[in-house]
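See below for the structure under consideration.
To find a chain, count down the sequence lines: A is the first, B the second, and so on, and within it residues start at 1.
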Amino acid sequence: MAPNRAPNLKKKAASTDRGPSKAGPAPVVSTGYWLFKSEPDAFSWADQKSRGAKGEPWTGVRNYLARNTMQAMKLGDLGFFYHSNIGKEIVGIVRVIATAHPDPSDDSGTWACVDVEAVCDLPKPVSLAQVKDTLALAEMALVKSMRLSVQPVRPEEWALVCQVGGLDAKSLKPLAPLRS
DNA sequence: GCCAACGTTGGC
DNA sequence: GCCAACGTTGGC
C-alpha cells in the first residue's frame with residue numbers, strides 16, 4: 001500500500017481532539033518538533049497546503065516507532081514537511097491540529113495518525129545533502145534513521161534548519177525578506 | 001534499477 | 001525469545 005503514507009485523499013478529517021472552536025491564537029504552546037516524510041507524487045507539500053486550515057490526517061503509517069512518535073505529539077507542535085524520493089528536501093512547516101487518533105485507513109485498531117495543517121513554506125528548501133553536509137545536523141533522524149517516516153527533531157536542529165532555510169523560527173516569517 | 005538498511009514475520 | 005528469511009524504504 002502506501003509508500004510513506006497512504007494518500008487517503010478522500011477521507012474526512014477525523015474528529016478527535018480538534019482544535020478549539022473558541023477561536024483566538026494557537027491554543028497550545030508548541031513543545032515538540034517533528035519531521036513528516038511524504039513522497040511528493042503520493043502527497044506533496046502543495047497537496048498539504050491545498051487542505052488549508054482543515055489540514056490532513058497523516059494516515060498510512062505502519063511502523064511502531066513512527067506511531068509512538070505521533071502519539072507523543074501535542075496540539076500546536078510544529079513539524080518539517082520533507083519530500084522523500086523526489087526532491088529530497090525539507091520544504092515546509094506544518095502544525096499538529098489533532099493529536100493521535102485511530103487511523104481511519106486501518107481496520108485493525110493498531111495504527112494511529114495525527115492531523116497536520118500547513119503553516120508556511122521554508123523559503124529556501126533544505127536538502128538532504130545539506131543536512132548531511134552540516135556537522136550540527138549529522139545526528140538528525142533524517143540521516144540516522146533514514147527509513148523512519150515520522151521522526152522527532154531536536155530543538156537545536158529545528159532552529160538550525162529554519163535558519164538555513166531562511167525562516168525565523170520564532171515568528172515563522174522569512175528571514176531577510178526581499179526588499180522592495 | 002540497484003541495493004543497503006532495517007523492520008517484520010515465522011520457524012524452532 | 002532468538003534469528004534467518006523476507007519485504008520495503010528510499011538514497012544513489
### Message
Does A/L65 reach a base, just sugar-phosphate, or nothing at all? Heavy atoms under 4.0 Å.
### Response
nothing

### Query
Taking only residues two or more places apart in sequence or in another chain, which ones pass salt bridge (Lys or Arg N to Asp or Glu O under 4.0 Å) with A/E156?
none

### Summary
So the contacted stretch of DNA chain B, first to last nucleotide with an atom under 4.0 Å from a non-hydrogen atom of chain A, runs from B/dA5 to B/dT8

### Task
Please list, chain by chain and in numerical order, all residues satisfying salt bridge (Lys or Arg N to Asp or Glu O under 4.0 Å) with A/K88, sequence neighbours excluded.
none

### Message
Could you see if A/L172 belongs to whatever hydrophobic cluster contains A/V161? Use Ile, Leu, Val, Met, Phe, Trp, Tyr and a side-chain cutoff under 4.5 Å.
### Response
yes

### Message
Closer than 3.5 angstrom, by distance alone: can the side chain of A/R154 be matched with the main-chain N or O of A/Y33 as a donor-acceptor pair?
### Response
no

### Query
Of the options A/F36, A/W58, A/W34, which is the one that meets A/F81 in a ring-ring contact (aromatic ring centres under 6.0 Å, His included)?
A/W58

